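Written below as structure tokens is the structure these notes are about.
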Amino acid sequence: MAGNWKMHLTAPEGVALAHALVSRGATSPGTVVLVCPPFPALDAVGKALAGGDILLGAQNLHPEAHGPFTGEVSGPMLTAVGCRLVLVGHSERRHGMGESDEVVARKLRAALAHDLVPIVCVGETLAQREANQTESVLAEQIGAAYRELSREAVQATVVAYEPVWAIGTGRVATAEQARDAHRSIRGALERTAGAGLGERVAILYGGSVNAGNAAALFAEDDVDGALVGGASLDPDGFRAIVDSASRAHRG
Ligand code: PGA
């Protein structure tokens with residue numbers, strides 16, 4: 001269960017949210033819970049969460065470890081402040097910052113090289129869904145990201161299915177749409193990375209997940225968790241989503 005804080009919260013505000021998540025018990029045995037604050041808040045939020053069950057993740061990384069890349073942040077810098085995971089290829093970067101499939105593939109490899117679990121984001125736009133291209137878009141994005149990765153490396157990753165039309169719009173995918181897309185992604189992983197691997201990678205759903213719609217999504221076996229944006233900024237809402245996941249997990 002991942003909270004993507006996007007470009008919200010200063011370091012002190014992030015620490016306050018981290019404390020609120022801890023005091024409300026936004027964790028559950030058997031469920032990995034993480035938050036992805038903006039870069040300037042990572043260190044302070046990491047310290048606020050240290051020793052607890054909520055992990056620290058980042059929203060992005062540069063493919064290179066160091067160099068003349070003004071404004072960028074690298075994998076070793078993230079591990080040094082305690083990050084364990086990192087989002088790769090979020091649609092707001094693919095579509096807003098022109099991040100190509102090739103760059104996403106390099107970032108995925110950089111994350112693995114620096115002991116960060118990459119959460120590889122894929123998803124179709126509304127126009128692509130309406131043109132019946134969802135399956136081919138997902139296959140292309142997964143194919144480009146995972147090509148020639150070892151079986152071991154593939155299993156050290158997580159995928160997030162995030163239909164672009166559902167992100168920040170309040171328009172959540174139906175449980176069936178999420179299930180079908182997750183199955184397509186598992187199929188693409190099998191074809192790209194090797195037999196049996198489709199089942200070995202956790203797939204999160206992201207796009208307008210909230211406390212009211214999470215249970216229906218988690219009822220689908222193919223939905224292993226969620227990448228939550230807006231609703232992750234409210235500690236009670238996020239805790240309720242974590243609770244839904246652990247109920248589905250137990251059920
Ligand atoms: P949202 O964002 O929950 O605000 O739709 C999800 C995401 O972009 O990860």
Side-chain angles (χ1 to χ4, degrees), residues 1-10 12-38 41-42 44-46 48-59 83-87 90-92 117 119 121 123 158-179 181-182 202-251:
M1 195 62 43
N4 175 10
W5 295 0
K6 307 195 180 184
M7 199 174 74
H8 297 289
L9 308 184
T10 62
E13 289 165 348
V15 168
L17 177 54
H19 286 148
L21 291 170
V22 171
S23 69
R24 282 165 177 74
T27 57
S28 163
T31 304
V32 178
V33 178
L34 66 134
V35 294
C36 303
L42 280 175
V45 171
L49 296 173
D53 293 325
I54 302 180
L55 303 180
L56 188 68
Q59 299 175 17
C83 288
R84 306 270 301 275
L85 305 96
V86 60
L87 304 182
H90 190 281
S91 77
E92 285 155 12
V117 173
I119 302 179
C121 305
V158 172
V159 172
Y161 168 58
E162 297 214 307
V164 179
W165 47 272
I167 297 176
T169 59
R171 193 177 157 194
V172 67
T174 64
E176 294 71 29
Q177 286 172 326
R179 178 199 60 207
H182 287 212
I203 306 182
L204 315 180
Y205 167 80
S208 299
V209 175
N210 59 37
N213 59 33
L217 290 158
F218 298 147
E220 291 294 339
D221 283 347
D222 277 297
V223 177
D224 298 314
L227 176 52
V228 185
S232 72
L233 299 172
D234 163 29
D236 292 312
F238 192 61
R239 204 209 68 177
I241 297 169
V242 172
D243 287 348
S244 299
S246 62
R247 271 195 299 275
H249 184 76
R250 277 198 305 271

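It should be emphasised that the depicted structure is a prediction, and the values quoted were computed from it without experimental measurement.
- Taking every heavy atom of both residues into account, E162 and G207 meet most closely at OE2-N, 4.1 Å.
- Side-chain atoms of S244 come within 3.5 Å of backbone atoms of A240 as a donor-acceptor pair (strictly under, hydrogens ignored).
- K6 and P38 get closest at one heavy-atom pair: O-CG, 3.6 Å.
- Taking both residues in full, the closest heavy atoms of S91 and I167 are given as OG-CD1, 3.2 Å, listed atom of the first, atom of the second, then distance.
- Closest approach of A211 to G237, counting heavy atoms only: CB-O, 4.1 Å.
- Atoms CD and CH2, on E13 and W5 in that order, are 10.0 Å from each other to the nearest 0.5 Å.
- Remark: of the listed residues L21, V22, V15, L17, V15 is the sole one forming a side chain to side chain contact (heavy atoms under 4.5 Å, CB included) with H19.
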(Q) One pair to check against side-chain contact (heavy atoms from CB on, under 4.5 Å): L34 and R84. What are the steps and the verdict? (A) CA-CA 9 Å; L34 66 134; R84 306 270 301 275; over 6 Å; no
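- The CG atom of D224 lies 15.0 Å from the OH atom of Y205; values are rounded to the nearest 0.5 Å.
- Distance check, rounded to the nearest 0.5 Å: CE of M1 to CG of L55 gives 12.5 Å.
- At least one side-chain heavy atom of L217 sits less than 4.5 Å from a side-chain heavy atom of V172.
- Between V33 and F238, the shortest heavy-atom distance links the atoms CG1-CE2, 3.8 Å.
- Minimum heavy-atom separation, S208 to G168: OG-N, 3.8 Å.
- D234 contributes no side-chain N or O that, together with a main-chain N or O of A231, makes up a donor-acceptor pair within less than 3.5 Å.
- Salt bridge status for R239 with D243: present, with a side-chain N to carboxylate O gap under 4.0 Å.
- In this model, no donor atom of one side chain and acceptor atom of the other lie less than 3.5 Å apart for H90 and Q59.
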Q) Could you go step by step and tell me if S232 and V35 meet the side-chain contact (heavy atoms from CB on, under 4.5 Å) rule? A) CA-CA 8 Å; S232 72; V35 294; over 6 Å; no
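- Put simply, CZ on R179 and CG on D221 are 10.5 Å apart, with the number rounded to the nearest 0.5 Å.
- Distance CD1/I203 to CD/E220: 12.5 Å, rounded to 0.5 Å.
- With rounding to the nearest 0.5 angstrom, the SG atom of C36 is 8.5 Å from the CG atom of L42.
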Q: Show your working on side-chain contact (heavy atoms from CB on, under 4.5 Å) between L227 and L87 and close with a plain yes or no.
A: CA-CA 10 Å; L227 176 52; L87 304 182; 4.1 Å; yes
Q | Residue pair I241, F218: steps toward the side-chain contact (heavy atoms from CB on, under 4.5 Å) verdict | A | CA-CA 10 Å; I241 297 169; F218 298 147; 4.1 Å; yes
